[in-house]
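Only a predicted model underlies this, so the values are computations on that prediction, with no experimental measurement involved.
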Amino acid sequence: SLKFDHADIVSTNSQNREDIINKLQDICQTTTSGVTPDTPKLFIDLVYLMKTADSTTLKSVHKTLTSDFCQDNIYRTK
């Protein structure tokens, strides 16, 4: 399990939500053929975005992506 220490970083929930979804989509697209040298940086960026999100935003991201996220890369997203 992961434990996050939430910092006092101000960002809007809707913008943060979109940034997280966009970063996840970037990771999905760039790992279709396998892990690339850019993958660790993308993952670090994703973790940073998630650390700044509140629980409502994270739940919203999860609900949005649960059904049909990353269909072209389904082998790596199971």
Exercise. Regarding Thr57 and Arg17, is there a side-chain donor-to-acceptor distance under 3.5 Å anywhere?
Worked result: no
Problem set entry | Audit row: Val35, Thr30, side chain to side chain contact (heavy atoms under 4.5 Å, CB included) steps and yes/no | CA-CA 8 Å; Val35 175; Thr30 61; over 6 Å; no
For this session: Kindly compute the distance separating CG (Asp38) from CG (Asp26), expressed to the nearest 0.5 Å.
Result: 10.5 Å
For this session: Enter the distance from Leu24:CG to Met50:CE here, rounded to the nearest 0.5 Å.
Result: 7.0 Å
Exercise. Roughly how far apart are Gln15 CD and Ile20 CD1, rounded to 0.5 Å?
Worked result: 10.5 Å
Exercise. Any side-chain donor-acceptor pair under 3.5 Å between Thr36 and Thr39?
Worked result: yes
Problem set entry | Side chains of Asn16 and Thr52, donor plus acceptor under 3.5 Å | yes
For this session: List the steps and the verdict of side chain to side chain contact (heavy atoms under 4.5 Å, CB included) for Leu46 and Leu42.
Result: CA-CA 6 Å; Leu46 174 64; Leu42 292 171; over 6 Å; no
For this session: Would you check if the side chain of Thr31 reaches a backbone N or O of Ile27 as a donor-acceptor pair within less than 3.5 Å?
Result: yes
Exercise. Would Asn22 and Glu18 count as having a side-chain donor-acceptor pair, cut-off 3.5 Å?
Worked result: no
Problem set entry | Salt-bridge criterion met for Lys41 and Asp45 (N-O under 4.0 Å) | yes
Exercise. In Å, rounded to the nearest 0.5 Å, how long is the span from SG of Cys28 to CD1 of Ile21?
Worked result: 13.0 Å
